[in-house]
S.K.: 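After the structure tokens below, expect a handful of questions from me.
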Amino acid sequence: MASIELWFTLGTAGMALGTLVLAYGLRLLPRSQWRRYSILIAVPGIAVVAYALMALDVGAVETAVGGTAFIPRYVDWLLTTPLHILYLGLFAGAARGVIGRAVGLQTATIVLGLAGALVAAPLKWVLYAGGLVTFAGVVYYAYGDFGEAAERQGGATAALYRKLRAFLVVLWLVYPLIWLVGPNSLVLMDVETTALVVTYIDIVSKVGLGLIALNGQLAFDDSAAVTGAPGD
């Protein structure tokens, strides 16, 4: 199997290319949408730095079970996954307080995931369970308050929100499974295979969500793009 540095290098290239493509999308969108859309450009942009550091073997630490945790990856997720929740909330037109609570729960999910990866059982499983609970809270807001706000917008905005939410939630459900079978828990996958799978899903989720959002917003007619998109 190829080395882990290769997967991280490919991850760096994929995130960089995705960032450039999404940045080009700014030229295609009305200026009124730039601030919110910039969140989607920042997500793979942050990941470029994280993957470059990991490719250079920076930030790898040995865990209590003898595995490896990559700190740049968790810092990436700590920044980017709340940004995705922020984008969803703003796009749906949800209340700022609700968005803040969802962002806080997502941040807690990543912190608990990192802590669980570093320590041994039984505390590992307590932290893992805590992460599942906080992630369930994120999903609750995505389908509850966020979803209701998007439906009130109606039409193309509601339809695009449902597509973005389904894409993100389904992909994010894979991460706890990878964590469970990875080298810091049940050790059913080695560190190289885990790096390959996570890199692939990371690129799909970070770049893919931006492309779906860009394509959906471009599909709006001019009046809907300017007056029907909430959150800017």
Side-chain angles (χ1 to χ4, degrees), residues 10-51 76-77 79-96 98-100 102-103 106 138-139 141-175 198-232:
L10 291 175
T12 306
M15 293 297 181
L17 178 61
T19 303
L20 292 174
V21 171
L22 293 177
Y24 179 79
L26 276 177
R27 296 168 55 89
L28 309 176
L29 291 172
R31 185 175 291 272
S32 62
Q33 297 186 26
W34 281 15
R35 185 173 62 175
R36 186 183 63 202
Y37 178 75
S38 294
I39 295 172
L40 298 177
I41 302 173
V43 167
I46 293 169
V48 169
V49 179
Y51 272 92
D76 168 1
W77 291 345
L79 296 172
T80 59
T81 59
L83 283 177
H84 268 160
I85 295 301
L86 173 64
Y87 178 84
L88 280 184
L90 291 176
F91 185 83
R96 298 302 172 99
V98 172
I99 296 173
V103 167
Q106 181 57 35
V138 174
V139 175
Y141 279 118
Y143 280 86
D145 298 73
F146 287 15
E148 292 168 4
E151 293 302 325
R152 286 194 293 271
Q153 302 296 328
T157 298
L160 179 56
Y161 174 80
R162 289 194 293 270
K163 183 183 295 184
L164 294 170
R165 178 184 61 191
F167 181 85
L168 201 60
V169 170
V170 168
L171 280 177
W172 281 6
L173 284 173
V174 178
Y175 287 97
V198 171
T199 299
Y200 174 76
I201 297 177
D202 257 1
I203 293 174
V204 172
S205 62
K206 288 179 168 64
V207 179
L209 186 80
L211 292 176
I212 292 173
L214 176 61
N215 182 66
Q217 291 180 357
L218 292 175
F220 291 175
D221 60 48
D222 291 342
S223 60
V226 173
T227 63
D232 285 323

S.K.: Just to verify, what does Asp76 make a side-chain hydrogen bond (donor to acceptor under 3.5 Å, both in side chains) with, not counting sequence neighbours?
M.R.: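 side-chain hydrogen bond (donor to acceptor under 3.5 Å, both in side chains) check on Asp76 returns Thr80.
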
S.K.: Can you name the closest pair of heavy atoms from Trp34 and Pro30 and give their distance?
M.R.: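 That would be CD1-O, 3.2 Å.
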
S.K.: So, do Trp77 and Val198 sit near enough that their side-chain heavy atoms are less than 4.5 Å apart?
M.R.: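 Yes, close enough: below the 4.5 Å cut-off.
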
S.K.: I need the Leu22 CG to Ile39 CD1 distance, nearest 0.5 Å.
M.R.: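 Rounded to the nearest 0.5 Å, the CG-CD1 separation comes out at 13.0 Å.
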
S.K.: Main chain of Arg31, side chain of Tyr37: is a donor-acceptor contact present, judged purely on distance under 3.5 Å?
M.R.: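 Side chain of Tyr37 to backbone of Arg31: no pair is present.
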
S.K.: With sequence neighbours left out, what residues match Thr19 under side-chain hydrogen bond (donor to acceptor under 3.5 Å, both in side chains)?
M.R.: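 side-chain hydrogen bond (donor to acceptor under 3.5 Å, both in side chains) check on Thr19 returns nothing, list empty.
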
S.K.: Looking at every heavy atom in both Ala150 and Ala158, which two are closest together, and how far apart are they?
M.R.: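 Closest approach of Ala150 to Ala158, heavy atoms only: O-CB, 3.4 Å.
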
S.K.: Among Val49, Val48, Leu17, exactly one meets side-chain contact (heavy atoms from CB on, under 4.5 Å) together with Thr12. Which residue is that?
M.R.: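 Going through Val49, Val48, Leu17 one by one, the side-chain contact (heavy atoms from CB on, under 4.5 Å) with Thr12 is satisfied by Val48 alone.
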
S.K.: To the nearest 0.5 Å, tell me how far Gln106 CD sits from Ile85 CD1.
M.R.: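 Rounded to the nearest 0.5 Å, the CD-CD1 separation comes out at 5.0 Å.
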
S.K.: Under 6.0 Å from the OH atom of Tyr143, do we count more than 12 heavy atoms belonging to anything else shown?
M.R.: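 Yes.
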
S.K.: So, for Gly14 and Val207, which heavy atoms are closest and what is the spacing to 0.1 Å?
M.R.: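 Between these two residues, the closest heavy atoms are O-CG2, 4.3 Å.
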
S.K.: Shortest non-hydrogen contact from Ile99 to Ala94?
M.R.: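 Residues Ile99 and Ala94, closest heavy atoms: CD1-O, 3.6 Å.
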
S.K.: Just do the side chain to side chain contact (heavy atoms under 4.5 Å, CB included) check on Arg96 and Leu90 with the steps written out, would you?
M.R.: CA-CA 8 Å; Arg96 298 302 172 99; Leu90 291 176; 4.0 Å; yes

S.K.: The test is side chain to side chain contact (heavy atoms under 4.5 Å, CB included); show your working for Gln33 and Phe91 and say whether it passes.
M.R.: CA-CA 10 Å; Gln33 297 186 26; Phe91 185 83; over 6 Å; no

S.K.: Only one of Leu164, Val138, Val43 clears side-chain contact (heavy atoms from CB on, under 4.5 Å) with His84; which?
M.R.: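 Per the side-chain contact (heavy atoms from CB on, under 4.5 Å) rule, the option paired with His84 is Val43, out of Leu164, Val138, Val43.
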
S.K.: Working to the nearest 0.5 angstrom, can you tell me the gap between Lys206 NZ and Ile46 CD1?
M.R.: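 Interatomic distance, Lys206 NZ to Ile46 CD1, rounded to 0.5 Å: 9.0 Å.
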
S.K.: How long is the span from the CG atom in Leu10 to the CE atom in Met15, to the nearest 0.5 Å?
M.R.: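 Rounded to the nearest 0.5 Å, the CG-CE separation comes out at 11.5 Å.
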
S.K.: State whether the side chain of Thr157 and the backbone N or O of Gln153 hold a donor-acceptor pair below 3.5 Å, judged by distance alone.
M.R.: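 No, Thr157 side chain to Gln153 backbone: no donor-acceptor pair under 3.5 Å.
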
S.K.: Taking side-chain hydrogen bond (donor to acceptor under 3.5 Å, both in side chains) as the definition, give me every residue that meets it alongside Tyr87, ordered by chain and number, with sequence neighbours left out.
M.R.: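 side-chain hydrogen bond (donor to acceptor under 3.5 Å, both in side chains) check on Tyr87 returns Gln217.
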
S.K.: Please report the shortest heavy-atom distance between Ala142 and Tyr161, naming the atom on each side.
M.R.: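 That would be O-OH, 2.6 Å.
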
S.K.: For a quick test of reading the model, state the closest non-hydrogen atom pair linking Phe167 to Leu209 and the distance between them.
M.R.: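 Heavy atoms only, the tightest pair is CE2-N, 3.5 Å.
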
S.K.: Can you measure from OH (Tyr24) to CD1 (Ile41) and round to the nearest 0.5 angstrom?
M.R.: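 Nearest 0.5 Å value for the OH-CD1 distance: 13.0 Å.
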
S.K.: Using salt bridge (charged side-chain N to carboxylate O under 4.0 Å, His left out) as the criterion, list what pairs up with Glu148, not counting sequence neighbours.
M.R.: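 So Glu148 forms no salt bridge (charged side-chain N to carboxylate O under 4.0 Å, His left out) with any residue.
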
S.K.: Is the terminal nitrogen or CZ of Arg165 (NZ for Lys, CZ for Arg) located under 6.0 angstrom from the six-membered ring centre of Phe146 and within 45° of that ring's axis?
M.R.: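 No, cation not above the ring by the 6.0 Å, 45° rule.
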
S.K.: Can you sort out the partners of Thr199 under side-chain hydrogen bond (donor to acceptor under 3.5 Å, both in side chains), two or more places apart, ordered by chain and number?
M.R.: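 Thr199 satisfies side-chain hydrogen bond (donor to acceptor under 3.5 Å, both in side chains) with no residue once adjacent residues are dropped.
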
S.K.: CG/Leu86 to OG1/Thr81 distance, rounded to the nearest 0.5 angstrom?
M.R.: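 So the CG of Leu86 and the OG1 of Thr81 are separated by 11.5 Å.
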
S.K.: Please name all residues satisfying salt bridge (charged side-chain N to carboxylate O under 4.0 Å, His left out) with Arg162, sequence neighbours left out, ordered by chain then number.
M.R.: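 Applying salt bridge (charged side-chain N to carboxylate O under 4.0 Å, His left out) to Arg162 gives Glu151.
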
